[in-house]
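The model shown is predicted, which means the values in this text are computed figures rather than measured ones.
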Amino acid sequence: QVQLVESGGGLVQAGGSLRLSCAASGRTFSSYGMGWFRQAPGKERQFVAAISSSGAFTYYADSVKGRFTISRDNAKNTEYLQMNSLKPEDTAVYYCAADSNIARVTRSPSYWGQGTQVTVSS
């Protein structure tokens, strides 16, 4: 089992930045691929970004490429999502996710956090 706890959400103006964190506990963090998803009101949950267990490979949704950066610190059992140039359409609940298979991280990860709200005002 892996337990995931997100933090760092909040209210920010368009063009601003936020950094989300996801603290993991349980089995060996460094053996899991990690990711972020988001869900806006009335919409389906969508993939945002993923990172391989070593951090060597990263993947992004087209809508966030060049603005968001995913990273991880295996010594701290934590992953991050740096979000720059935020837009009102980035408003959503952001969820941390994990899976032992990086392909599943981008589609249907086994483990989820509880979510953190990000609101971008225009």
Report the C-alpha distance between Val5 and Gln114 in whole Å, list the side-chain angles of each, state the deciding distance to 0.1 Å, and finish with yes or no for side chain to side chain contact (heavy atoms under 4.5 Å, CB included).
CA-CA 7 Å; Val5 179; Gln114 82 288 349; 4.3 Å; yes

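- The aromatic rings of Phe68 and Tyr94 lie tilted to each other, with the angle between the two planes from 30° to 60°.
- Checking side-chain atoms of Thr91 against main-chain N and O of Val120 turns up a donor-acceptor pair under 3.5 Å.
- Counting only distance, with no hydrogens or angles, the side chain of Asn74 and the backbone of Thr28 share no donor-acceptor pair below 3.5 Å.
- The shortest side-chain heavy-atom distance between Asp90 and Met83 does not fall under the 4.5 Å cut-off.
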Tell me, with the steps shown, if Val64 and Arg38 meet side chain to side chain contact (heavy atoms under 4.5 Å, CB included).
CA-CA 12 Å; Val64 306; Arg38 67 186 181 186; 4.0 Å; yes

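- When Leu11, Leu20, Leu81, Val93 are each tested for a side chain to side chain contact (heavy atoms under 4.5 Å, CB included) with Val118, only one passes: Leu20.
- Using a cutoff of 4.0 Å between basic side-chain nitrogens and carboxylate oxygens, Asp62 and Lys65 are scored as salt-bridged.
- Judged by distance alone, with hydrogens and angles left aside, the side-chain atoms of Arg67 form a donor-acceptor pair with the main-chain N or O of Ser85 at under 3.5 Å.
- At a threshold of 4.5 Å between non-hydrogen side-chain atoms, the residues Val2 and Tyr32 count as touching.
- Annotation for Ser17 and Asn84: closest pair OG-OD1, 2.9 Å, computed over non-hydrogen atoms.
- With hydrogens and angles disregarded, no donor-acceptor distance shorter than 3.5 Å links the side chain of Tyr80 to the backbone of Thr69.
- Relative to the six-membered ring of Phe37, Arg45 misses at least one condition, a distance below 6.0 Å or an angle of at most 45° to the axis.
- No hydrogens or angles considered: nothing links the side chains of Trp36 and Glu6 as a donor-acceptor pair under 3.5 Å.
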Going through the checks in order, is the side chain to side chain contact (heavy atoms under 4.5 Å, CB included) test met by Gln1 and Tyr111?
CA-CA 8 Å; Gln1 286 281 17; Tyr111 302 101; 3.1 Å; yes

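- Judged purely by distance below 3.5 Å, without hydrogens or angles, the side chains of Ser110 and Asp99 pair a donor atom with an acceptor atom.
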Give the intermediate values and the outcome of side chain to side chain contact (heavy atoms under 4.5 Å, CB included) for residues Leu4 and Glu79.
CA-CA 10 Å; Leu4 305 172; Glu79 73 156 342; over 6 Å; no

